[in-house]
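Step one of this worksheet: look at the structure below.
The analysis underlying the following values was restricted to heavy atoms, covering all of them including side chains, and did not include hydrogens, waters or symmetry mates. Since this is a predicted model, take the numbers as computed values, not measurements. Quick note on labels: first sequence line is chain A, next is B, and so on, each numbered from 1.
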Protein chains: 2
Amino acid sequence: MTVDRDQVLRTAAALLTRKATATMDEVARAAGIGRATLHRHFAGREALVRALEELGIRELEGALDKARLDEGDASDALRRMVAEVEPVAGLLAFLVTENQLFEGEQMNAGWARIDARVSVLFKRGQERGEFRIDLTPAWLTEALYGLIGAGAWAVQDGRVAAKDFQYMIAELLLGGVRRSVEK
Amino acid sequence: MTVDRDQVLRTAAALLTRKATATMDEVARAAGIGRATLHRHFAGREALVRALEELGIRELEGALDKARLDEGDASDALRRMVAEVEPVAGLLAFLVTENQLFEGEQMNAGWARIDARVSVLFKRGQERGEFRIDLTPAWLTEALYGLIGAGAWAVQDGRVAAKDFQYMIAELLLGGVRRSVEK
DNA sequence: CCCGAGTGAGACGTTTGTGTCTCACTCGGG
DNA sequence: CCCGAGTGAGACACAAACGTCTCACTCGGG
C-alpha cells in the first residue's frame, strides 16, 4: 500500500530521461500513483528534480567506486568508468541539461565531488605519461559528459546500437578518430 | 522603424543559447521590441524556434561550405569544420537539445543534409586510411555534436577558455586522450 | 474484526506564459 | 507637410500546469 519512494524516483528518472518536459501528472501516472500522492512525497517538481539529482549523484558515485579509478592503467580505469556509468547515462544526460537551465543557483556539492574524481583520473593518466597533457582535465571531464549524453541520446533514438555504447565512448575518448600507430 | 527580422532572430538566438527557457517577453525585450511586434513577425514561440532552426541550419550549411570538407586531409577538413562551426556552436547546442524534446514530430530536412555531409567527411577519412574504421560515421557525427555542445556550455560558464575551443574539440576528436606515437 | 494510516480521484484556486486585440504614437516617404 | 504603415504599451481572455484540499476507500497491523 505504502508507496515505495525509491521506486517512484526510478520510474520518474526513466520517464524524464525520455521526455524531459513530462508533467507531474505524467510522472505520477507512470509511477502508477495519484498526483496527490506524488505531491505528498515530493513537494513540487523542484523537489522531485532535486531528489532525482541526489539519486543520480548517489548512483554515479557508486559507479565511480566500482570502477576503481585509482587502480592500474588510467586507460583501463576510464573503460571501467564508462562501463559502470552506462546504466546511469540517461539520467546523467537529463540532469546535466537540467542544470544547464538553472544558471544562477549554486549546484549540488555532489557534482563537484564527481567532477573532482573524474578530473583526478585524467590527471593521473597525464602524470603516468599515458595521457596527453595539452588537454586540461577540466575539459576532458566536460567532454566525457558530453560524449555520454550524446551516446545516451543516440542509443535512445536508435541511431546507434546499445551494445556499442561503452566501446564507442571509451575508445573514441581514448584514441580519437585518427588511425594511430599504437593500437 | 521597421523591425529587422534577422536582427531579432540573432538576438533571440543569443538569449536562448544562454537561457533556453526564456519567455517570449524576455526575447522581445532582449531584441528591444514590444511583445506584440514579436508576435507580428513570429506567430508564437513554436514559429520562433522554427525560424531559429532555419537560421541555424542556414549558418551551419554555410560553415560546412566554407570548411571545404571534401578537400585535402580529412583531419585538416575536420579542423576547418570545427573552426567554422564555432560561431554557431551555442545555437547548435540549443537546437539539438530542443530537438531532443519534440521526439515525435519529424525533424527539419536540413538536419539530415548536415548529418549526411558530416558523415561523408568521416567516411572519406576512413576510406583514405586516415580514420579508424571501428567507429561508425553515424556515431562520430553524434559525438561531434556532443563535443561541440559540451564545449559551448563549458566556455559559456567559464569552465574553459574560449580561445581553446577549436583546439580542444578538434584535437580530442582526432587524437583522443591517449598519448600517441605519432603526434 | 476494526481502525487508522495511506491512498486515488477529483475539485478548486493560483500562477505563468501565451496569443489577440485596441489604441495612441511616431516616423518617413510621397 | 501629411498620412499611413509599423510600432509599443497594455488590457484581456485563455490554456496548461501547479499546489492544495476534501472525501471516500482500502488495506494491513493490532
Side-chain angles (χ1 to χ4, degrees), chain A residues 1-56 91 94-95 97-105 108, chain B residues 1-56 90-91 93-95 97-105 108:
Chain A
M1 187 183 189
T2 300
V3 162
D4 179 349
R5 177 188 160 106
D6 212 67
Q7 179 52 34
V8 172
L9 264 186
R10 287 174 199 284
T11 306
L15 173 60
L16 290 172
T17 288
R18 276 180 282 115
K19 185 182 175 187
T21 57
T23 66
M24 292 294 276
D25 193 77
E26 289 174 298
V27 171
R29 288 181 188 286
I33 64 176
R35 199 162 62 93
T37 305
L38 182 60
H39 270 90
R40 283 187 196 105
H41 287 269
F42 306 97
R45 186 193 183 76
E46 173 83 8
L48 176 63
V49 172
R50 293 304 167 113
L52 278 175
E53 195 172 31
E54 296 293 341
L55 174 66
L91 179 55
F94 165 71
L95 292 174
T97 56
E98 194 77 6
N99 263 349
Q100 190 60 22
L101 299 183
F102 298 124
E103 34 178 321
E105 321 172 32
N108 190 307
Chain B
M1 186 182 191
T2 301
V3 162
D4 179 348
R5 176 189 160 105
D6 213 67
Q7 178 54 34
V8 172
L9 263 187
R10 286 173 200 284
T11 307
L15 173 60
L16 290 172
T17 287
R18 276 179 282 115
K19 185 182 175 186
T21 57
T23 66
M24 293 295 275
D25 193 76
E26 289 174 297
V27 171
R29 289 183 186 284
I33 64 177
R35 199 163 63 93
T37 304
L38 181 60
H39 270 91
R40 282 187 197 106
H41 288 269
F42 306 97
R45 186 192 183 76
E46 173 83 9
L48 176 62
V49 172
R50 292 305 167 112
L52 279 174
E53 195 172 31
E54 295 294 340
L55 175 65
L91 180 55
F94 165 71
L95 292 174
T97 56
E98 194 76 7
N99 264 349
Q100 190 60 22
L101 299 184
F102 298 125
E103 34 178 322
E105 320 173 34
N108 190 306

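- Put simply, H41(A) has no side-chain N or O that comes within less than 4.0 Å of OP1 or OP2 on dG6(C).
- In the set dG8(C), dG8(D), dC18(D), dC18(D) carries the atom at the smallest distance from any side-chain atom of R45(A).
- Among residues two or more places apart in sequence or in another chain, the side-chain hydrogen bond (donor to acceptor under 3.5 Å, both in side chains) test is passed with D4(B) by none.
- What separates NE2 of H39(A) from P of dG6(C) is a distance of 19 Å, to the nearest Å.
- Residues satisfying the side-chain hydrogen bond (donor to acceptor under 3.5 Å, both in side chains) criterion with T97(A), sequence neighbours excluded, are absent altogether.
- Residues passing the side-chain hydrogen bond (donor to acceptor under 3.5 Å, both in side chains) test with R10(A) are D6(A), E59(A), sequence neighbours excluded.
- Put simply, T37(A) has a side-chain N or O that comes within less than 4.0 Å of OP1 or OP2 on dG8(C).
- Of the candidates dA9(C), dT7(D), dG6(C), dA9(C) carries the atom nearest the A36(A) side chain, counting heavy atoms from C-beta on.
- With respect to R50(A) and E46(A), a salt bridge is recorded, a charged nitrogen being found less than 4.0 Å from a carboxylate O.
- Separating the CG atom of D25(A) from the C1' atom of dT20(D) is a distance of 15 Å, rounded to the nearest angstrom.
- One distance of note links CG of L16(A) with OG1 of T21(A); it measures 8.5 Å at 0.5 Å rounding.
- Of the listed nucleotides (dG8(D), dT7(C), dG19(D)), dG8(D) has the atom at the smallest distance from the side chain of I33(B).
- Put simply, CG on L38(A) is 11 Å from C1' on dG19(D), counting in whole angstrom units.
- Residue-to-nucleotide contacts include no donor-acceptor pair under 3.5 Å from the side chain of R29(B) to the base of dG8(D).
- Every residue two or more places apart in sequence or in another chain was checked for a side chain to side chain contact (heavy atoms under 4.5 Å, CB included) with A43(A), and none qualifies.
- Stem regions for DNA chain C, each three or more consecutive Watson-Crick or G-U pairs with both distances under 3.5 Å and listed by first number, read C:1-30 with D:1-30.
- When each of R40(B) and G32(A) is assigned the nucleotide of DNA chain C with its nearest heavy atom, G32(A) is the one assigned upstream, toward the 5' end.
- Every side chain to side chain contact (heavy atoms under 4.5 Å, CB included) that R29(A) has, sequence neighbours left out, goes to D25(A).
- The side chain of T23(B) lies closest to dG17(C), out of dT7(D), dT20(D), dG17(C).
- In this structure, CZ of R5(B) is placed 16 Å from C1' of dG6(D), rounded to the nearest angstrom.
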Could you list the donor-acceptor pairs under 3.5 angstrom formed between side-chain atoms of residues 31-42 of chain B and any protein atom two or more places apart in sequence or on another chain?
unit_1 : atom_1 : unit_2 : atom_2 : d
T37(B) : OG1    : R40(B) : NH1    : 3.3
H39(B) : ND1    : R35(B) : O      : 3.3

Give every pair of a protein N or O atom and an N or O atom of nucleotides 11-14 of chain D that lie under 3.5 Å apart, one pair per line with the distance.
none

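- One atom, CD of E26(A), and another, C1' of dC18(D), lie 14 Å apart when rounded to the nearest Å.
- You'll find that the side chain of M24(B) is closest to dT18(C), out of dT18(C), dC18(D), dG8(C).
- Residues passing the side-chain hydrogen bond (donor to acceptor under 3.5 Å, both in side chains) test with Q7(B), sequence neighbours excluded: T11(B).
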